S.K.: 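What follows is a structure written as structure tokens; I'll ask about it next.
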Amino acid sequence: MTRDALEIRLPRSTQTLFRARGLTKVYGMGETEVRALAGVDLDLAEGELVVLLGPSGSGKTTLLNNLGGLDVPTSGELSYRGMDLTSADEAQLTRYRRDSVGFIFQFYNLIPSLTALENVALITEIARDPMPAEQALEMMHLGGRLDHFPAQLSGGEQQRVAIARAIAKRPEVLLCDEPTGALDIRTGIVVLEAIERANRELGTLTVLITHNAAMADMADRVLYFSDGRVHREHRNASRAPANSLNW
Amino acid sequence: MISLLNRKLWRDLRRMKGQAIAVSLVMACGLAMMIMARSLIHSLKSTQLEYYESNRFADIFVQVRRTPNSMTTRVAQIPGVAVVQASVSVQITLDVPGLDEPASGLMRSLPDQGMPELNRLFLREGRWLGPGARGEVLVGEAFANANRLKPGDSIAILLNGRRLNFRIAGIVLSPEFVFESRPGSALPDNRSYGIFWMPYSELAAAFDMDGAFNFLALTISPGAVERSVTAALDRLLAPHGGRSSFGRSDHPSHVRVTDEIRVLQILSIGFPLVFLSVAAFMTNAVLSRLVALQREQIAILKAFGFSNSEIASHYMKFALVIVVGGTLFGGVGGVFLGRQLVGMYHMFFRFPELAFRFDYSALVLAIFVSTGAAILGVFSAIRRAANLPPAEAMRPEPPANYRPAFVERTGIGHLLSHSFRIAIRNLERKPMQAFFTVSGLALATGILIVPNCFRDGVEHVLGFQWDVVQRQDMSIGLIEPDSLKASYALRQLPGAISVEPFRNTMVRIHFGHTHRQLGIQGLPANGRHSRVIDSNSHQVSLPAEGLIVSSKLADVLGARVGDALVVEVLEGKRPIRTIPLVGLSEDFAGIAAYMDMQAVNRLLGEGDVISGASFSVNNARRSEFLTALKTLPRIGWVVVKESLRANFKQTTAASINLLQTLYLILATIVAFGVVYNNARISLAERARELATLRVIGFSRREVGAVLVTELVILSLIAVPLGMLIGTGFATFILQAVNTETVRLPLVLTASNYAFAALTVTIASTLSALVVLRLLNHLNLVGALKAPE
Ligand SMILES: Nc1ncnc2c1ncn2[C@@H]1O[C@H](COP(=O)(O)OP(=O)(O)OP(=O)(O)O)[C@@H](O)[C@H]1O
Ligand SMILES: [Mg+2]
């Protein structure tokens, strides 16, 4: 395996949260073997907003799942604040997800039988240092929708509830996998603004997967992924506000 | 293309095999019960019929006093009479090795030469009586087995007061004694009551019956009317005390078998129906789920040009595979259970061969019924699939609509936990699914109540009979009524603490158009041994005049207190009197009538006589008492309470245990199956939701709680409901089996309910645990991809 001689430049902030070295994930065996991650070297620091771009099947989601403790790598190193995620057990991973990670998915994944407020409160009740559920929804401009069930909300509103649910626990990491994939451009921008705001106001390390190159402008750093590796990295001199994006 | 559809069918089945099996098993329970019951009915009925035919069971029976044999020719001339057979039939007591108390029984004569024409015996073991041989008897199988008697063993029999030793030549069966029990006794008591046969000449000589008979059995020719034959027979034999001829429908052994068949008939309809409706719903739930999952596939199939009926038949096949599975399991299970129960019947009913006979019509019926249930079950799901417009189906199912549950709208919502809220909202959104899960669990609870209710009822009856009604330790009956002085002799028996004489007499009681033949028990007015008890469990003091009968008898006759009953005495001077009904008594076996002993003696006009006495015996001198009793002449029968009690316990306990095991298995399968099915469907429908909870930081345990809360709520509703249903079942069955020979009171105990609740809870918990284990394999990453 050749490792790209990629210089890892430290971001502005001080502390490195994730450290990955030679991170490899292989699905299947023998003939059907798929190398979803083929040796990723990566450091992610506190407060960064990182956009992950790359062709379909290049391993972006796999990386995100590994970072979020949903999946364990086949080989290589991966640590979060010095905690080895590759050898963590089920209970440790649950605790890690509960306290430190916020997830946002393309399909919102709200609990259909709970209202907006309850979907958020679900987390604030178990997290270590949450903000009030109402406040999280307020941040997402959903103060008037607290008692609506998911079926009574638009796609964009549902996604903002999902973001509120993710940030209400004041996570250190926010992992977003194509959060605007199912939304039109205007709604998409509203959602991006929400993510940007969470990143800025809470200082949350945010990793955002997208197929939309236009979104790269809002990042501190852009990682170009292909064939299971970080192929190229680009640092923006300044972040463009989400509402200035267009596609 | 069709074969591809079939391949899809197999894949779907494999994916849902757990649920398909669960449904099949519940269906199988219903079918097994039906096949079992119907096959038992078939086995009993056909065995009975064949036995009766091959061994020429008589149609009409009559006990008379000593009557010259010449009378048989006159009987044979009665129009409609085909074959007449006379014999001697007497009560005996005997001394069996290994049995403390004297046993009693019935001795019948056999022709000195050749086989009897009617009521032919079946030789199970040993040999027939040798021609001209003396000192040999044949013994009924039930008694022989209970006392471990073998051909060649010897027993001492008191024949008309003379104690003689007999060798057992053979062990036999008789169509007259399929149910071998003491007259009037509901349960067999084979250790201390038996049936015996010996040659006519020897028996007649012992009882001074040479050239005479005292028992007639006869068959009627085809087309003859039984009632007119018995009427003519009664007229003819009246001078000989023969006014009491009866047909098969009053024959104790025949009635018992017939009653049993009736109970089976009730079982073969009621229970399977309930099981199958639960199975039908489960099929519906599984299929609805499948159709919902396959919206897009259905749309694509339709877009390809498959017709609605092709799609409907595709899903119908899915249901039919379940039916085939259920029928197979049910058939095998029914045969297995049937074989077990046949073994139990063998304990009560003596047939030359009571083999399990499979009722093929039951299988056909089973297939019909289960297919019907499945079709009913899948109908709505299939219609939904067929009605789906292709374009509509292409779109993913719209997000489910929820609203705050009823409990929350009452204003206590804020008190509820999230998992509780998720649970109740889900339940409210799918009320039918919840309803059937509750029904299934309730049913499982209910059927567990039934056998324990039987057990408690039997225990109650035995306790009532032997602790409240009959407080004596033993009773003896004299061969012939004797003067009151005889009771002074009885008082001298070693160890007798108290003695109470009684005077029983056979009568026929008429009221309106109905009549019943039974013994009136003439007792001391305020006896401390055999007591007459009313429905409030108080002892009734027998009035100087008037009759007290069991409420069942009053029921059967349609008489009420105050009515005048016509009592026709069937012995002695045979008086016929009108006697007022002055009270009702409570009892649970047979029918009974009581009078003051002196009133009976006045009625009979034979002076102060007794027909037997009851004793309480000093326990330390019990064996001394029994030994002395064995030497007493003129004793017709002996009943020892303790051994009756022990025997009853053995036989009923064994059969109730078997029933209990059977119901336990069925209930466990249903509870397990229903919970499994429900949990699997919830798990499948909500995999995405549950995975999301895991992803956002819930532990396995917490996610499991969301799933389990729902089941707990359902069980909390189902179990009490099941107790109600079980009480209903028990009430219904007990009412249905309430016959003149046996009836059980409805006794419901806390331990019965607790056992049912506990069993169902354990079965559901285990089943839920099996499903919860699947949560460990929940695909977290997969759930985050696009919705299925
Ligand atoms: N559970 C799995 N089993 C086998 N192969 C998998 C699995 N999950 C992902 N893969 C494979 O791993 C590779 C990377 O998949 P991944 O989902 O990470 O790609 P992606 O970059 O997120 O693509 P997209 O932009 O389309 O979402 C793909 O080739 C995919 O087929
Ligand atoms: Mg992806």
Side-chain angles (χ1 to χ4, degrees), chain A residues 25 27 36 61-62 64-66 68-71 90-115 117-128 147-153 155 158 162 165-166 168-169 171 175 177-178 181-182, chain B residues 395-405 408-409 413-414 416-430 682 685-707 709-710 775-788:
Chain A
K25 176 71 187 181
Y27 288 115
T61 298
T62 308
L64 208 71
N65 290 343
N66 278 283
L70 296 180
D71 212 347
E90 187 59 46
Q92 283 171 313
L93 286 178
T94 300
R95 185 121 281 277
Y96 163 64
R97 289 198 299 267
R98 175 181 292 202
D99 294 332
S100 311
V101 187
F103 280 99
I104 298 167
F105 317 102
Q106 183 177 355
F107 296 101
Y108 332 134
N109 284 26
L110 297 177
I111 308 298
S113 55
L114 296 179
T115 62
L117 182 64
E118 288 163 352
N119 260 287
V120 180
L122 197 61
I123 302 302
T124 58
E125 279 175 13
I126 59 167
R128 192 174 41 189
D147 294 326
H148 286 58
F149 284 91
Q152 299 163 325
L153 296 169
Q158 288 186 54
R165 180 177 68 181
K169 64 170 89 158
L175 302 174
D177 195 346
E178 302 185 42
Chain B
R395 251 170 270 140
E397 208 165 1
N401 261 313
Y402 283 87
R403 57 178 197 157
E408 299 175 87
R409 299 198 288 276
H414 59 282
L416 306 175
S417 75
H418 288 298
S419 50
F420 195 75
R421 232 173 263 178
I422 293 176
I424 53 177
R425 287 178 192 170
N426 270 309
L427 291 179
E428 230 188 74
R429 203 172 71 84
K430 298 207 157 174
S682 294
E685 277 175 354
R686 293 156 64 189
R688 192 178 179 77
E689 175 181 333
L690 299 173
T692 305
L693 287 173
R694 291 279 287 125
V695 167
I696 64 180
F698 278 75
S699 65
R700 269 179 199 160
R701 185 187 292 265
E702 287 160 335
V703 172
V706 171
L707 210 54
T709 307
E710 222 175 290
L775 269 183
N776 298 346
H777 308 298
L778 200 61
N779 184 356
L780 300 192
V781 175
L784 307 179
K785 292 192 182 143
E788 339 172 282

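Computed from a prediction, not measured in an experiment: that's the story for all the values here. Letters go in sequence order (proteins before strands), and every chain restarts at 1.
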S.K.: How close do A:Pro171 and A:Ala166 get, counting heavy atoms only, and between which atoms?
M.R.: CG-O, 3.3 Å

S.K.: Please find the pair of heavy atoms, one from A:Pro150 and one from A:Pro112, that lie closest to each other, and give the distance.
M.R.: CD-O, 3.6 Å

S.K.: Sort A:Ile126 into side chain, backbone, both or neither according to what part of it lies under 4.5 angstrom from a heavy atom of chain B.
M.R.: side chain

S.K.: Measuring heavy-atom distances to chain A, does B:Arg700 have an atom under 4.5 Å in its side chain, in its backbone, in both, or in neither?
M.R.: side chain

S.K.: So which of A:Gln152, A:Arg165, A:Lys169 has the biggest tally of heavy-atom pairs under 4.5 Å with chain B?
M.R.: A:Arg165

S.K.: Can you tell which part of A:Ala121 gets under 4.5 Å to a heavy atom of chain B, answering side chain, backbone, both or neither?
M.R.: both

S.K.: So which part of A:Glu178 gets closer than 4.5 Å to some heavy atom of chain B, the side chain, the backbone, both or neither?
M.R.: neither

S.K.: Write down the atom of B:Leu693, the atom of A:Leu122, and the distance for their closest heavy-atom approach.
M.R.: CD2-CD2, 3.4 Å

S.K.: Looking only at heavy atoms, what is the nearest atom pair of A:Ser113 and A:Glu118, with distance?
M.R.: O-OE1, 4.4 Å

S.K.: Do B:Lys430 and B:Glu710 meet the salt-bridge criterion of a basic N to acidic O distance under 4.0 Å?
M.R.: no

S.K.: Which bit of A:Arg95 comes within less than 4.5 Å of chain B, counting heavy atoms only: side chain, backbone, both or neither?
M.R.: neither

